[in-house]
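Reviewing the structure listed below.
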Amino acid sequence: MYRLALNMLFGDRAKLAMLLVGLSFSALLMAQQSSVFFGIMSWTYTPMVNIRASVWVSDREVEQVNDAKPMRDTDVTRVRSVDGVSWAAPLHSSIMQARLPNGNFKLISLVGIDSDTFAGAPAVLTVGRIEDLRLPNTVLIDEWGANLLGRAVTRPDGTVETVPLGVGDTFELNDTEARIVGVCRVKRAFTGGPFVYTTYDRAKAYTAGVRRTLSYVLVEPRPGVTPAELCDRIEAETGLRAWTSETDLWTWGERSLARSTFWWFWRNTGIPFSFGTAVLLGLFVGIAISGQTFYSFVLENLRYFAAIKAMGAGSGLLARMLLLQALAAGLLGFGLGVGMAQAIGRVMIEKGMPPFVLYPQVLVATLVLVLGISLCSALIGMVKVARVDPASVFRA
Amino acid sequence: MPDPAPAIRLRRVDKSFGAGEARIFALKQADFEARAGELIMLVGPSGCGKTTLLSVLAGTLRADAGEVEAFGRRLDGLGQAELTAFRRANLGFVFQSFNLIPTLSVRENVMVPLLIQGASRAEAVRRADAMLAKVGLGGREDGPPTALSGGQQQRVAIARALVHEPRLLICDEPTSALDKDTGQKVMAMIRDLSRSPDRCVVVVTHDHRIFRHADRIAEMEDGRIRRVVDDPSTLDTPAS
């Protein structure tokens with residue numbers, strides 16, 4: 001009977017199409033909005049991804065990575081003196097205005113790294129060498145920033161094209177020249193500005209007038225010491241705050257700065273509410289459309305269900321048939337919706353905007369919710385079919 | 001030689017709908033008997049209680065009072081699940097409006113009673129195809145029932161009603177949606193295919209043109225059987 005139940009559903013193409021529209025739209029909205037949400041939230045702790053170190057040490061008041069509180073330069077030495085530290089390096093992080101050759105200003109994220117060890121340097125340089133940062137007034141810029149800060153050139157045919165900045169191009173930071181010696185590939189940040197890397201000492205020069213320029217101390221533990229253990233020791237001995245650097249949303253520990261950043265944005269911005277509303281909307285739209293359509297499907301087939309009941313099918317069998325029909329439609333709708341979300345996501349990833357991270361957990365949650373919608377729809381139908389009087393088949 | 005024991009027996013059956021002053025008695029102390037091996041027609045004017053009687057003896061409607069017995073088993077004391085199981089094992093239906101599921105193929109429609117009984121798909125396909133061949137629809141198994149004429153659809157319904165070899169075949173106005181010739185052919189098919197010493201066929205009809213196919217005719221009036229005619233040829237005028 002179950003195969004016939006599926007054939008009943010698939011045979012009614014108009015209803016099936018309507019059901020799939022509702023369910024796939026719901027799945028699309030839930031998966032796509034959740035993925036953009038997690039993408040945006042992953043941007044909030046981008047520095048943790050781009051600047052790799054096992055332990056980050058900050059001022060005690062720091063709650064999230066984008067809001068560094070300045071520390072004394074001597075804190076680097078204090079951290080180095082903690083037992084279990086393999087190395088410790090200073091890191092500067094600030095938002096600055098870059099003055100472009102055409103007179104425009106753009107916000108950038110300035111990152112100053114230790115010139116001896118280059119600890120915290122970008123992992124991938126597409127152009128140039130990291131060692132060139134030791135040359136005077138030199139910086140690295142990320143690929144996206146190179147395009148953003150590029151200059152507009154009018155072609156002979158009248159079209160305007162942006163030529164990205166490259167090695168040898170310059171701009172100004174705080175009236176001081178910044179000459180590009182390399183282009184790096186890093187993850188984009190929530191703050192929106194491109195990353196400009198330079199040495200820690202030069203970052204101090206670019207931010208002349210600022211008394212304290214140390215944002216974080218990057219630390220690596222000695223072999224045999226876990227990052228969490230080292231965090232405990234650093235906090236106990238220096239009074240500073242120490243964080244681990246896990247960035248995986250699903251496995252990060254209590255001490256992760258990325259985790260703290262994620263929840264800070266969760267508590268202090270409207271992002272979760274905004275995307276949560278969209279996901280809820282998807283859920284309600286799915287319930288409304290598919291519930292109504294499935295109910296209509298049941299109503300149209302009610303006399304056949306009554307006939308099947310008269311022939312000796314129990315309410316349990318009919319309920320299972322309806323459940324199967326609803327779940328089959330749910331699975332198809334889920335597949336279509338998530339497929340569309342993936343396709344949209346692929347375009348987003350290629351364009352780089354907005355961020356899109358489709359976690360397997362989101363897929364599972366979407367599947368559960370879509371099947372939940374199907375279950376609700378089936379329940380409405382089940383009540384109707386359970387109440388149908390088999391004797392009604394004799395009333396033509 | 002005494003009459004064989006009735007396969008179906010209703011004794012002093014009451015059935016009413018509504019309550020208080022709006023209460024309507026559809027059956028009032030109704031008695032009815034049908035024998036194994038016979039085709040009995042229930043006739044009477046609209047509203048006389050034919051459909052209610054049919055529903056009660058099919059076990060799809062519970063009587064308020066009285067005894068309902070089928071094949072030696074009292075139905076009036078059975079629970080819902082037992083009644084459902086009884087219908088599954090013993091009843092076949094031919095409906096006035098066919099009630100063929102349009103989104104299933106002809107074969108799948110005929111397979112339904114077998115699958116409800118728990119037959120395997122292969123067995124159900126084999127028996128459905130054999131039954132469709134008997135009603136002259138071999139070769140039309142894979143098409144939708146909506147592609148068939150009214151007479152052909154009723155033949156599919158007959159195949160569905162008999163495929164699981166029920167002991168009681170209930171036909172509700174089987175010819176009312178058909179023209180005269182098709183109705184005669186369909187009725188002849190019901191009579192020929194369902195004829196079995198163990199099977200009882202009850203046909204509710206308004207169509208006096210098919211009276212000749214009956215072994216007996218029970219006339220209903222005001223919720224009771226008014227008379228039972230043993231020789232249908234004596235009833236050549238509409239009962240209603």
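Basis for what follows: all heavy atoms, side chains included, without hydrogens, waters or symmetry-related copies. Keep in mind that this is a model prediction, so the values were computed, not measured. Quick note on labels: first sequence line is chain A, next is B, and so on, each numbered from 1.
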Between the side chains of Asp389(A) and Ser392(A), is a donor N or O closer than 3.5 angstrom to an acceptor N or O? no
Can you tell which part of Arg13(A) gets under 4.5 Å to a heavy atom of chain B, answering side chain, backbone, both or neither? neither
What part of Leu114(B) is in contact with chain A, defined as an atom under 4.5 angstrom from a non-hydrogen atom: side chain, backbone, both or neither? neither
Gln152(B) versus Ser149(B), side-chain donor and acceptor atoms under 3.5 Å: yes
What donor-acceptor contacts under 3.5 angstrom involve side-chain atoms of residues 16-32 of chain A, with partners at least two apart or in another chain?
from     : atom 1 : to        : atom 2 : distance (Å)
Ser24(A) : OG     : Leu20(A)  : O      : 2.4
Ser24(A) : OG     : Val21(A)  : O      : 3.4
Ser26(A) : OG     : Gly282(A) : O      : 2.6

Indicate whether the side chain of Asp64(B) and that of Ser16(B) have a donor and an acceptor atom separated by less than 3.5 Å. yes
Among the listed options Gly92(B), Pro102(B), Pro113(B), the residue most often paired with chain A at heavy-atom distances under 4.5 Å: Pro102(B)
Tell me, side chain or backbone of Ile101(B) under 4.5 Å from chain A's heavy atoms, or both, or neither? both
Shorter than 4.5 Å, heavy atoms on both sides: which option in Glu173(B), Gln117(B), Arg121(B) has the most such pairs with chain A? Arg121(B)
Looking at Leu83(B), Leu115(B), Asn99(B), which has the largest count of heavy-atom pairs under 4.5 Å with chain A? Asn99(B)
Lys/Arg-Asp/Glu bridge criterion (N-O < 4.0 Å) met for Arg107(B), Asp142(B): yes
